[in-house]
Amino acid sequence: MSLALDVAAGAVGGGTSILYAALGETISERAGIINLGTEGCMLVGALTGYAVAAMSGNPWIGVVAGAGAGGALAALHAMLVIERKASQLASGLVMLFLGLGITSLFGGSFVSRTIHAFTPIALPGLSRIPGLGKILFNHDPLTYLSFLAAPAIWWLLFRSRWGLLIRGAGERGEVLAAYGYSPKLIQYLAVVAGGALAGVGGAQLSTAYANSWFEGMTAGRGFIAVALVIFAGWDPLKAVAGAYLFGAALALSPALQARGYALNQFALDALPYVITILVLVFLSRKRLHAAPEGLIRTLANAPVR
Amino acid sequence: MSVISSALRPPKLRSAGREAGRLALAFAGALVVFGAFVIAKGANPLTVYSDMVRSTFLNSNSIAGVLVKACPLILGALAVAVPARAGLVNVGGEGQIVIGAVAAGGVALALDTHLPGGMVILLMMLAGAAAGALWAGIAGLLRLTLRVNEAISTLLLNYVAIDILLYLIYQPWKDMHGSGQPVTRQLAVAARLPLIGGTQVHFGIFIAIAATLVIWFLMERTSWGFRLRVVGGNSEAARRAGLPVSALLLSAMLVGGALAGLGGMVHYAGAELQLRAGMTANLGYIAFLASWLARHKPIRVAVAALLLASIAVAGDSLQINSALPAATVNVLMGLVLVAVMGGWGLRKKAVVA
């Protein structure tokens with residue numbers, strides 16, 4: 001199979017966990033709250049998903065549990081930030097520490113466990129389309145679900161009443177309050193939903209992509225997701241493209257190695273982060289204008305020049 | 001902003017006492033919750049805590065261990081505090097520490113057997129600080145020219161720095177005469193930071209203390225520090241007042257990066273003595289939290305770093321005495337910070353906005 005096809009298929013499979021986290025973070029940031037703890041939410045989602053899948057024998061139950069774990073950690077972040085007015089960035093990093101610690105504390109016994117993992121399902125008919133079939137239609141069920149999740153979340157944010165409330169909470173909470181809604185409650189829900197989606201992303205990583213659990217397995221994917229949301233201009237559909245770009249950067253290294261190319265592995269490993277920075281460089285100028293107003297106060301707290 | 005808040009603050013001693021009380025309460029709350037986690041793992045929390053205290057504070061080796069860990073933490077935390085005073089968020093301490101250690105390691109590998117030890121140490125300090133400043137400077141320049149948020153860019157640069165370290169120790173700098181592990185050869189004895197009084201505590205602790213005092217002086221007693229705080233408080237007002245806002249922001253980022261890079265050098269030349277994967281063990285992130293914990297006030301930042309260093313060292317006892325994974329300590333650290341942030345949040349409002 002050609003290298004391009006291999007990387008493209010790997011991009012979709014490997015980008016899915018980032019995509020879920022980015023979709024979740026989009027909801028959270030639209031409500032005005034940035035969660036650097038997305039990395040921690042992914043970690044607890046990955047372990048919980050794996051552990052519950054191992055114990056129940058059913059990966060779907062694992063995914064639901066992973067979402068719950070990610071949401072629970074995000075709820076703590078929401079409480080610190082919304083109720084106690086803690087710094088969003090510092091509180092997010094604390095969530096990362098909690099995620100690292102909790103998964104290390106409880107994860108040891110699952111490192112060598114095998115599970116009944118998600119398996120790729122070739123969609124009948126569609127998977128036979130030359131090229132596209134291999135890239136898009138030969139994946140695990142969670143990847144297919146993400147194809148639906150991105151437009152669904154776009155619809156939620158931009159076409160539904162809920163979306164109006166979420167975006168209102170992120171732009172002008174006081175207006176929402178004047179109409180009798182509680183911006184706090186909406187922010188809570190948005191942050192928890194974001195963490196739950198990050199948990200699903202983590203669970204996809206452990207129960208469908210890697211089929212294993214090991215400490216720190218998310219390796220910065222949560223941070224990449226946060227960056228992605230910014231340069232996707234807080235748009236779930238653009239986040240899809242971004243997530244697959246990183247998936248491709250991640251898939252490039254093993255695909256090249258499998259073909260015996262003697263490229264520097266460490267340069268390839270650094271690629272996703274470098275690409276993220278470069279994309280931010282090219283897109284940031286116009287993107288920041290699209291930011292929810294509440295978020296600008298957090299992100300752009302520093303003067304520009 | 002800070003001028004106003006300090007005018008409104010109650011007399012210093014009383015507020016310090018109250019803060020110490022709150023900190024103790026937060027700490028106690030975190031210990032209770034952490035105890036629940038320990039029980040869930042089938043260990044007895046009382047035994048775990050008494051082991052932690054005994055092996056961390058009643059053991060001269062561990063006290064030395066706390067001081068050794070505090071060196072890069074204090075410098076890394078100051079690296080967060082300086083930009084924070086200007087309103088910049090530097091989450092890149094980890095990468096800046098790594099790149100500082102790498103630069104120091106490069107100098108050492110090239111020169112430590114050719115030049116006198118003292119000169120190598122000086123050169124390593126300069127190289128480490130310069131590399132850290134460069135690493136933070138990238139994020140600073142991106143912020144100033146292209147409005148790339150520095151919290152995100154410094155975070156991502158951490159991973160790039162770690163990949164550079166990995167590349168070097170797996171390939172060009174790998175110790176060919178060693179055990180085959182991906183590490184560099186040991187630093188020549190003459191070029192190591194001198195140990196103090198037969199303990200494992202090294203000269204780096206004096207560097208960290210000196211840096212704390214210098215940064216305190218710069219922040220509180222010089223016009224540079226004052227201007228940084230003005231920019232951090234209200235950049236628009238600073239601009240109207242004719243302050244060179246860009247230059248000030250960049251200088252804050254460069255000084256911060258240099259401090260973290262120096263922290264990496266100190267960690268390498270005083271404690272690790274060779275470059276290896278995982279040598280920084282999240283020090284940069286812990287340092288970030290230390291600075292936020294202490295609201296970016298230099299002296300308090302150093303104290304907070306010392307506190308977190310002792311928690312980190314206490315984590316080693318978890319592993320040895322209670323057979324819990326060493327990273328478990330991250331839970332305790334996270335809980336302490338949750339308790340502190342939750343408890344102080346309302347009063348912090350003005351500072352973190």
Side-chain angles (χ1 to χ4, degrees), chain A residues 34 36 40 76 79-81 83-91 93-108 215-216 219-220 223-224 226-227 230 264-274 276-277 280-282 284-285 287-288 297-305, chain B residues 37 40-41 86-89 91 142-144 146-153 155-160 163-164 166-167 170-171 231-232 235-236 238-239 245-246 249 282 285-286 288-289 292 324-335 337-338 341-346 348-349 352-353:
Chain A
I34 186 167
L36 278 187
L76 186 58
M79 197 187 82
L80 284 176
V81 167
E83 303 291 345
R84 313 305 297 179
K85 303 278 186 274
S87 149
Q88 297 189 8
L89 299 173
S91 167
L93 274 190
V94 172
M95 297 309 122
L96 166 68
F97 271 84
L98 283 176
L100 278 174
I102 291 171
T103 53
S104 146
L105 184 57
F106 294 103
E215 247 184 84
F223 292 138
I224 288 185
V226 175
I230 295 172
N264 190 320
Q265 181 209 335
F266 303 100
L268 288 173
D269 287 347
L271 201 59
Y273 313 107
V274 175
T276 313
I277 295 169
L280 279 175
V281 164
F282 288 119
S284 57
R285 202 178 267 277
R287 283 295 182 252
L288 206 57
R297 286 192 282 271
T298 302
L299 274 181
N301 54 349
V304 178
R305 59 170 55 91
Chain B
F37 279 100
K41 275 305 280 186
L88 292 167
V89 183
V91 205
L142 288 177
R143 166 92 215 186
L144 292 173
L146 296 160
R147 308 184 63 167
V148 175
N149 177 257
E150 77 286 351
I152 305 291
S153 59
L155 248 178
L156 294 169
L157 283 168
N158 288 343
Y159 289 89
V160 180
D163 279 324
I164 290 176
L166 289 176
Y167 163 67
Y170 271 90
Q171 284 167 5
V231 171
S235 67
E236 196 47 45
R239 200 187 328 276
V245 174
S246 293
L249 288 174
N282 289 336
Y285 297 107
I286 300 172
F288 179 85
L289 294 170
W292 282 87
L324 297 168
T328 302
V329 77
N330 288 330
V331 179
L332 182 57
M333 196 139 0
L335 288 171
L337 290 156
V338 166
M341 291 175 110
W344 281 356
L346 290 178
K348 257 167 58 174
K349 194 170 181 174
V352 297

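Note on naming: letters A, B, ... go to the chains in the order of the sequence lines (proteins, then strands), and numbering restarts at 1 for each one. Values in this document were obtained by computation on a predicted structure and should not be read as measured data.
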Distance (rounded to the nearest 0.5 Å) between [X] [atom1] and [Y] [atom2]:
X: B:Y159; Y: A:Y273; atom1: OH; atom2: OH; answer: 6.0 Å
X: A:L93; Y: B:L289; atom1: CG; atom2: CG; answer: 5.5 Å
X: B:L332; Y: A:L105; atom1: CG; atom2: CG; answer: 11.0 Å
X: A:T276; Y: B:L155; atom1: OG1; atom2: CG; answer: 11.0 Å
X: B:F288; Y: A:L96; atom1: CZ; atom2: CG; answer: 11.0 Å

By a 4.5 Å heavy-atom criterion (distance strictly below it), what part of [X] contacts chain B: side chain, backbone, both, or neither?
X: A:S91; answer: both
X: A:L76; answer: side chain
X: A:L80; answer: side chain
X: A:M79; answer: neither

Of all residues at least two apart in sequence or in a different chain, which pass the ring pair (Phe, Tyr, Trp, His ring centres under 6.0 Å) check with A:F97?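 A:F97: no ring pair (Phe, Tyr, Trp, His ring centres under 6.0 Å) contacts found.
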Write down the atom of [X], the atom of [Y], and the distance for their closest heavy-atom approach.
X: A:I102; Y: B:V331; value: N-CG2, 3.2 Å
X: A:M95; Y: B:V338; value: CE-CG2, 4.1 Å
X: A:L89; Y: B:A151; value: CD1-CB, 4.0 Å
X: B:I152; Y: A:A227; value: CG2-CB, 3.4 Å
X: A:S104; Y: B:P325; value: O-CG, 3.1 Å

Tell me, side chain or backbone of B:I286 under 4.5 Å from chain A's heavy atoms, or both, or neither?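 Both parts, backbone and side chain.
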Validation row: B:L156, A:V274 side chains within 4.5 angstrom (heavy atoms):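 They are not in contact (no side-chain heavy atoms under 4.5 Å apart), so the answer is no.
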What residue, out of A:A219, A:A267, A:G40, A:G101, has the most heavy-atom pairs lying under 4.5 Å from chain B?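 Result: the option with the highest number of such pairs is A:G101.
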Best-contacting candidate, B:L142, B:L166, B:V160, against chain A by heavy atom pairs under 4.5 angstrom: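 Among B:L142, B:L166, B:V160, the one with the most close pairs to chain A is B:L166.
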Could you tell me which residues satisfy side-chain contact (heavy atoms from CB on, under 4.5 Å) with B:V329, sequence neighbours excluded, listed by chain and number?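 Expected list: B:I311, B:L318.
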